Amino acid sequence: MGTVAAPASAKPTVLRVAAFSGSLRKDSWHAGLIRAAEELCEEFIPGLIIDHVDISNLPMANPDLETDGGDGFPPEVEAFRARVLAADCFLFASPEYNYSVTASLKNALDWASRGSVKCWADKAAAIVCAGYDFNGGRGSLHLRQIGIYLDIHFINKPELHVRAYDNPPNFDADGNLTNAKNRERLKKVLLSLQAFALRLQPKE
């Protein structure tokens, strides 16, 4: 009898995660959270690819910049909207400013909600943040409220709110997440996001 070849293992569905840092600071902890997410996906989570989307070059949302009856946008905005639309799910690394999200992140959310194509709608998302006092929790709650109107579907658990000023510190001087426990918690957030995004994928 001939040998029977073992069935090839199924390749995981590849999901592209558009990741946004609400902080524009060079050594931001939130950019560091996204870098850590990239590293964790490459090492431990096959099928999940982080696309870190820079929002620093977006003009302030202004309908006077729109063309084509509200469906045309400045080149930077068109490129940004295309990356949001191409994503399967989202990761928001969102600081808390004055109990809310940052102006830069709110601006990005607004631009991708304009026009007849709603780039955010019906996709899974997760929030991670760092800070002091409530560790960004109040800003995260406001982001969830914004997501209701945009039809973004946030995972509820697990959460990751990193205390930025712990001793020993959770981040190094360059904003990199160095604490092993928080990196493990971040991995669990990403696994939950992956599972939820797969559940929301259209059934063929």
Side-chain angles (χ1 to χ4, degrees), residues 6-56 79-80 82-96 102 105 108 120 123-131 135-137 139-140 143-144 147 152-202:
S9 58
K11 291 185 178 179
T13 299
V14 176
L15 299 176
R16 184 166 296 276
V17 186
F20 313 92
S21 170
S23 173
L24 306 184
R25 185 170 63 88
K26 175 176 173 287
D27 297 322
S28 163
W29 306 315
H30 294 83
L33 287 170
I34 293 176
R35 287 194 297 274
E38 291 175 314
E39 294 162 2
L40 290 167
C41 286
E42 289 175 3
E43 188 171 358
F44 299 111
I45 311 177
L48 208 60
I49 299 174
I50 302 291
D51 176 24
H52 188 175
V53 182
D54 182 14
I55 61 175
S56 64
F80 168 73
R83 289 173 75 177
V84 174
L85 195 60
D88 298 294
C89 52
F90 309 118
L91 177 66
F92 294 96
S94 179
E96 178 182 314
T102 63
L105 181 56
W120 303 109
K123 295 180 182 180
I127 304 169
V128 294
C129 53
N135 306 335
S140 295
L143 179 53
R144 287 177 180 275
I152 299 173
H153 306 303
F154 288 103
I155 65 169
N156 293 320
K157 294 182 180 65
E159 296 181 312
L160 180 60
H161 298 160
V162 181
R163 186 172 292 277
Y165 295 108
D166 265 0
N167 189 17
N170 288 304
F171 298 91
D172 66 17
D174 296 319
N176 297 304
L177 182 66
T178 55
N179 179 276
K181 288 184 178 179
N182 280 314
R183 289 179 72 90
E184 182 63 24
R185 289 170 63 197
L186 177 56
K187 184 172 78 171
K188 291 178 180 178
V189 169
L190 294 167
L191 287 168
S192 180
L193 175 62
Q194 182 185 41
F196 192 31
L198 287 171
R199 282 173 54 193
L200 294 180
Q201 288 281 295

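Residues take their numbers from the sequence shown, with the count starting at 1. Please read these numbers as outputs of a predicted model, since none were measured by experiment.
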Calculate, to the nearest 0.5 Å, the distance between atoms [atom1] and [atom2] belonging to [X] and [Y] respectively.
X      : Y      : atom1 : atom2 : result
Asn170 : Arg163 : CG    : CZ    : 9.5 Å
Arg35  : Ser21  : CZ    : OG    : 9.0 Å
Leu160 : Ser192 : CG    : OG    : 12.5 Å
Asn176 : Leu33  : CG    : CG    : 10.0 Å
Phe196 : Leu15  : CZ    : CG    : 13.0 Å
Gln194 : Ile155 : CD    : CD1   : 11.5 Å

Side chain proximity check, [X] to [Y], heavy atoms < 4.5 angstrom:
X      : Y      : result
Asp88  : Val14  : no
Leu40  : Ile50  : no
Arg185 : Val162 : no
Asp27  : Phe171 : no

ask   = Does CZ belonging to Arg16 count more than 12 external heavy atoms closer than 6.0 Å?
value = no
message = Assess the residue pair Val17 and Leu48 against the criterion (side-chain contact (heavy atoms from CB on, under 4.5 Å)); give the C-alpha distance rounded to whole Å, side-chain angles, the decisive distance to 0.1 Å, and a yes or no.
response = CA-CA 7 Å; Val17 186; Leu48 208 60; 3.6 Å; yes
Exercise: identify the closest heavy-atom pair between [X] and [Y]:
X      : Y      : answer
Ala125 : Ile152 : CB-CG2, 3.4 Å
Thr102 : Gly22  : OG1-O, 2.7 Å
Pro95  : Ala93  : CD-O, 3.6 Å
Ala126 : Val189 : CB-CG1, 3.8 Å
Ser94  : Ile127 : CB-CG2, 4.4 Å
Phe154 : Leu143 : CE1-O, 3.8 Å

task = Any pair with a residue in residues 37-47 that passes salt bridge (charged side-chain N to carboxylate O under 4.0 Å, His left out), sequence neighbours left out, goes on the list, sorted by first then second residue, please.
result = Glu39-Arg183
inquiry  = In terms of relative ring orientation, are Phe90 and Phe20 parallel, tilted or perpendicular, with 30° and 60° separating the classes?
reply    = tilted
task = Using the test ring pair (Phe, Tyr, Trp, His ring centres under 6.0 Å), find all partners of Tyr165 that sit at least two apart in sequence or belong to another chain.
result = Trp29, Tyr132
Donor-acceptor pair, [X] side chain versus [Y] backbone, under 3.5 Å?
X      : Y      : answer
Ser56  : Leu24  : no
Asp166 : Pro169 : no
His30  : Cys129 : no

Any residue meeting salt bridge (Lys or Arg N to Asp or Glu O under 4.0 Å) with Lys187, in chain and number order, not counting sequence neighbours = Glu184
